[in-house]
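Presented below is the structure to which this report refers.
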Amino acid sequence: MRAVPSILHIDMDAFFAAVEQRHKPSLRGKPVVVGGVGLRGVVSTASYEARVYGIGSAMPTAVARRRCPNAAYLFPRFGAYHEVSQVVMGLLREVTPLVEPVSLDEAFIDLAAMPDGGPGTVEDVRALARRISDQVEQRTGLTASVGAGTSKLVAKVASDAEKPHGCVVVAGGSEQEWLDPLPVRKLWGVGPATADRLLKLGATTVAQLRALSESELVGLLGHAWGGQLYRLSRGQDDREVSPDRETKSVSVEDTYPHDLMDRPAIRAAITELAERVVRRLKESGHTGRTVTVKARGHDFTTVTRSETLAAPTDDPRLLIPAALRLVDGAADAATGQMHGIRLLGVGISGLAEYAQGDLIAELEGLAAEEDEADGEPEREGEAAAVRAQPDPAPSAVPGATAPSAVPGAPSAVPAVTLYGPVPVASEGRRWLAGKDVRHAERGPGWVQGAGLGRVTVRFEGPDTPPGRIGTFSVDDPALEPVDSAEVARAALPARAVGH
DNA sequence: TCTGGGGTCCTAGGACCC
DNA sequence: TCTGGGGTCCTAGGACCC
């Protein structure tokens with residue numbers, strides 16, 4: 001545990017509303033509410049003038065309008081918020097290289113990572129925190145609240161303590177004393193459900209929470225969270241400020257102003273959402289393996305259904321059908337087969353950096369279809385047959401053979417490119433995926449073969465147990481047969497790749 | 001009052017493998 | 001021959017945050 005409170009949390013005050021007020025002087029000093037303005041909208045941010053009327057985040061806009069009809073109700077302009085956010089984050093990066101943005105309006109920074117080692121005393125920290133706060137105001141015209149502590153938890157709670165425009169520094173050694181009188185709800189991660197459970201054990205303040213034993217908390221809240229809260233209530237928090245956290249999932253969802261009442265409307269909506277999420281996935285430079293569909297019924301019953309593909313992909317021709325396979329079951333479960341759907345969503349997780357693995361996912365996806373079609377049982381150690389489909393353009397795969405590049409192939413004729421070491425069928429059931437596929441990147445086992453007609457590739461991958469050989473075939477009667485021997489020969493040395 | 005949209009992390013059970 | 005335990009993956013749901 002560090003002695004100097006060198007972790008800072010910077011939190012912009014009523015950020016979205018403040019940006020709007022800066023943008024439009026006529027809104028200054030007036031109640032401003034930013035959020036969904038439609039029938040089913042909720043408040044994202046209320047200006048301090050609006051909070052006086054009891055308006056707060058996550059409140060239905062309809063309620064807010066009743067409480068303060070004269071406020072300005074504005075739809076969020078994320079582009080504008082993003083720009084201001086960049087200015088703030090840039091400023092913080094001038095102070096220290098260790099900046100962890102939490103959201104558009106919030107970040108942790110670690111002063112101990114400053115080139116000169118950072119401030120050595122509480123007073124130095126206080127002076128620097130004030131200077132940062134002043135600079136934010138100068139450069140953006142907006143105010144921020146700053147908290148400083150020896151841990152993320154304390155810094156976060158401190159920034160919230162004197163909002164707006166607060167600056168609270170909690171000296172090393174005084175954390176526990178400072179936290180004790182606070183309601184448990186102030187601790188980061190304690191929401192309504194946890195607070196309720198703690199209340200049953202008689203704990204409403206941090207001091208009372210601290211009187212509980214670790215085993216009591218674990219019994220109440222589960223292993224991870226119980227233990228964590230036991231330590232947090234003592235000001236013990238060794239989480240680092242980490243600048244580049246990986247994205248774990250991408251998702252898109254819509255609440256519809258009027259419930260969707262029939263299957264065609266639901267399927268059309270899910271297709272549109274899936275297209276959007278794939279676009280976002282590609283923009284982020286990722287591929288993903290698991291598709292999740294979310295549905296919420298008229299009575300707010302919310303369910304998810306998910307499916308994991310064999311390998312990460314960003315191909316809409318695999319992802320959209322996956323979403324469509326899931327949506328009927330999800331919608332039925334959310335509505336009890338009656339009434340409408342108020343929300344639909346599509347998410348993709350199991351992300352990987354974009355790699356050529358998506359092509360293999362494509363092949364696997366097609367294999368799954370043929371499985372259903374012919375019902376042919378797979379033999380031990382043998383992969384599913386793969387049927388080429390119209391238009392499987394390999395697109396941006398590095399080194400992929402585009403359909404048009406296959407000599408003599410009509411443009412509508414599919415070409416299939418196999419990369420090696422091609423994932424090996426696991427017990428004949430499915431392709432090894434994800435991490436295994438990454439072994440396929442370049443190297444002596446790299447296989448590329450374009451197949452027209454029936455192409456059967458026998459191969460062994462780096463992880464193939466002795467004696468297990470996968471078989472891969474592409475079958476389309478409309479195509480000319482090609483010699484598969486070359487592909488097969490190229491595939492076999494793949495065995496050496498993994499050593 | 002009637003509940004957004006984007007995320008993260010955790011739990012628990014079942015399948016499967018060794 | 002019968003039974004066991006641990007690890008990993010997948011799915012579904014829930015709590016929480018901004």
Side-chain angles (χ1 to χ4, degrees), chain A residues 9 11-12 14-16 33-45 54-67 75-76 78 81 85 101-107 152 156 159-160 185-197 218 220-229 239 242 245-257 273 276-277 280 284 289-310 326 329-330 333-334 342-351 426-427 429-430 432-436 465:
Chain A
H9 182 254
D11 192 349
M12 303 295 290
F15 185 54
F16 294 179
V33 177
V34 180
V37 294
L39 228 50
R40 288 172 162 173
V42 300
V43 174
S44 291
T45 313
I55 298 174
S57 296
M59 171 182 287
T61 308
V63 177
R65 283 188 197 276
R66 236 163 284 144
R67 295 195 180 178
F75 196 78
F78 286 101
Y81 313 147
S85 181
V102 178
S103 63
L104 285 177
D105 71 327
E106 240 184 82
K152 279 178 147 181
K156 167 93 181 155
S159 74
D160 188 54
R185 211 47 188 80
K186 289 281 181 188
L187 295 181
W188 198 83
V190 176
T194 305
D196 259 14
R197 292 194 198 179
V218 168
L220 191 71
L221 304 170
H223 191 260
W225 182 219
Q228 171 89 323
L229 194 55
R239 289 171 296 181
S242 59
R245 293 198 304 177
E246 273 176 64
T247 304
K248 301 276 173 59
S249 65
V250 178
S251 67
V252 158
E253 65 185 54
D254 274 346
T255 293
Y256 301 98
L273 289 164
R276 257 156 66 194
V277 81
R280 294 251 317 276
S284 75
R289 278 187 72 204
T290 302
V291 178
T292 302
V293 165
K294 176 172 167 181
R296 175 171 291 158
H298 65 290
D299 68 348
F300 228 70
T301 302
T302 306
V303 303
T304 62
R305 292 290 180 271
S306 66
E307 180 182 316
T308 299
L309 305 173
L326 294 164
R342 67 177 285 144
L343 170 148
L344 288 173
V346 179
I348 300 175
S349 54
L351 301 190
S426 162
E427 296 292 335
R429 203 171 61 80
R430 62 184 178 203
L432 293 183
K435 51 187 180 282
D436 306 292

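Heavy atoms only: backbone and side chains are in, while hydrogens, waters and symmetry mates are out. In what follows, every chain begins at residue 1, and chains take the letters A, B, ... in the order their sequences are listed.
At the heavy-atom level, A/Gly189 lies under 4.0 Å from the strands shown only through sugar-phosphate atoms. Residue contacts shown for A/Arg67 are absent, as no nucleic acid heavy atom lies under 4.0 Å away. Within the nucleic acid shown, A/Lys294 has no heavy atom closer than 4.0 Å to any nucleic acid atom. Using a 4.0 Å heavy-atom cutoff across all strands shown, A/Leu104 reaches no nucleic acid atom at all. Heavy atoms of A/Val102 sit nowhere under 4.0 angstrom from any nucleic acid atom. Contacts of A/Ala62 with the nucleic acid, taken as non-hydrogen atoms under 4.0 Å apart, are absent. Base contact: A/Ser44 has a heavy atom under 4.0 Å from a base atom. Residue A/Val190 is classed as a sugar-phosphate contact, given heavy-atom separations below 4.0 Å to backbone atoms only. Across all strands shown, A/Ala64 has no heavy atoms under 4.0 Å from either base or sugar-phosphate atoms.
In this structure, A/Thr304 and A/Ser103 both approach DNA chain C, and ranking their closest nucleotides by distance from the 5' end singles out A/Thr304. Closest-nucleotide positions on DNA chain B for A/Asp299 and A/Arg245 were compared, and the one nearer the 5' end corresponds to A/Asp299. Nearer the 5' end of DNA chain B, as judged by each residue's closest nucleotide, is the contact made by A/Ala58, out of A/Thr247 and A/Ala58.
A distance of 10.5 Å separates CD of A/Gln228 from CG of A/Leu187, quoted to the nearest 0.5 Å. Within the model, atoms CD of A/Glu253 and CG of A/Leu343 stand 5.0 Å from one another, a figure rounded to the nearest 0.5 Å. Atom NE2 of A/His9 and atom CD of A/Glu106 lie 3.5 Å apart (nearest 0.5 Å).
For B/dG5, the OP1/OP2 oxygens have a side-chain nitrogen or oxygen of A/Thr255 closer than 4.0 Å. Checking the phosphate oxygens (OP1, OP2) of B/dG5, no side-chain nitrogen or oxygen of A/Arg40 falls inside 4.0 Å. Taking 4.0 angstrom as the limit, A/Thr194 places a side-chain polar atom (N or O) nearer than this to OP1 or OP2 of C/dC16. For the OP1/OP2 pair of C/dC9 and a distance below 4.0 Å, the side-chain nitrogens and oxygens of A/Thr308 include no atom meeting the criterion. Look at A/Lys156 and you'll find a side-chain N or O under 4.0 angstrom from OP1 or OP2 of C/dC18. Distances shorter than 4.0 Å separate some side-chain N or O of A/Arg342 from OP1 or OP2 on B/dG4. At least one side-chain nitrogen or oxygen of A/Ser251 sits closer than 4.0 Å to the OP1 or OP2 atom of B/dG7. OP1 or OP2 of B/dC2 has at least one side-chain nitrogen or oxygen of A/Arg66 nearer than 4.0 Å. Regarding contacts with the backbone of C/dA15, every side-chain N or O of A/Arg197 stays at 4.0 angstrom or more from both OP1 and OP2. The phosphate of B/dC9 has OP1 or OP2 within less than 4.0 Å of a side-chain N or O from A/Lys248. Between A/Arg296 and B/dT3, a side-chain N or O to OP1/OP2 separation shorter than 4.0 Å is absent. For A/Ser306, a side-chain nitrogen or oxygen approaches OP1 or OP2 of C/dA12 to under 4.0 Å.
The distance from atom CG of A/Leu344 to atom P of B/dG6 is 13 Å, rounded to the nearest whole Å. A straight line from CG of A/Leu39 to P of B/dT1 spans 16 Å, rounded to a whole angstrom. In this structure, CZ of A/Phe300 is placed 13 Å from P of C/dG14, rounded to the nearest angstrom. Look at CZ on A/Phe78: it is 8 Å from C1' on B/dG5, rounded to the nearest Å. In this structure, the CD atom of A/Glu307 is 15 Å from the C1' atom of C/dC9, given to the nearest Å. If you measure from atom CH2 of A/Trp188 to atom P of B/dC10, you get 11 Å, rounded to the nearest angstrom. We find that OH of A/Tyr256 is positioned 13 Å from C1' of B/dG4, with the value rounded to whole Å. As a whole-Å value, the separation of A/Leu309 CG from C/dT11 C1' is 14 Å.
For A/Trp225 and B/dC10, the ring-to-base geometry does not satisfy the stacking test (centroid distance below 5.5 Å, interplanar angle below 30°).
Taking 4.5 Å as the limit, every side-chain heavy atom of A/Thr45 sits out of range of all side-chain heavy atoms of A/Tyr81. A/Phe16 has its side chain out of reach of A/Asp105: every pair of non-hydrogen atoms, C-beta onward, lies at least 4.5 Å apart.
Of the candidates B/dG5, C/dC16, B/dT8, B/dT8 carries the atom nearest the A/Ser249 side chain, counting heavy atoms from C-beta on. When each of B/dT1, B/dG6, B/dT3 is scored by its nearest atom to the side-chain atoms of A/Val42, the top-ranked nucleotide is B/dT3. Checking B/dG7, B/dT11, B/dG5 against the side-chain heavy atoms of A/His223 singles out B/dT11 as nearest.
If you check B/dG13 for Watson-Crick or wobble pairing at under 3.5 angstrom, you find it paired to C/dC10. The pairing partner recorded for C/dC18 is B/dG5, the criterion being a Watson-Crick or G-U wobble arrangement whose two distances lie under 3.5 angstrom.
Here the closest heavy-atom approach between residue A/Arg185 and residue A/Pro192 is recorded as NH2-CD, 3.4 Å. The nearest pair of heavy atoms linking A/Ser306 to A/Thr290 is CB-CG2, 4.1 Å.
A donor-acceptor pair shorter than 3.5 Å cannot be found between the side chains of A/Arg342 and A/Thr255.
C/dC18 and B/dT3 are spaced 23 Å apart, taking the P atom of each and rounding to whole Å.
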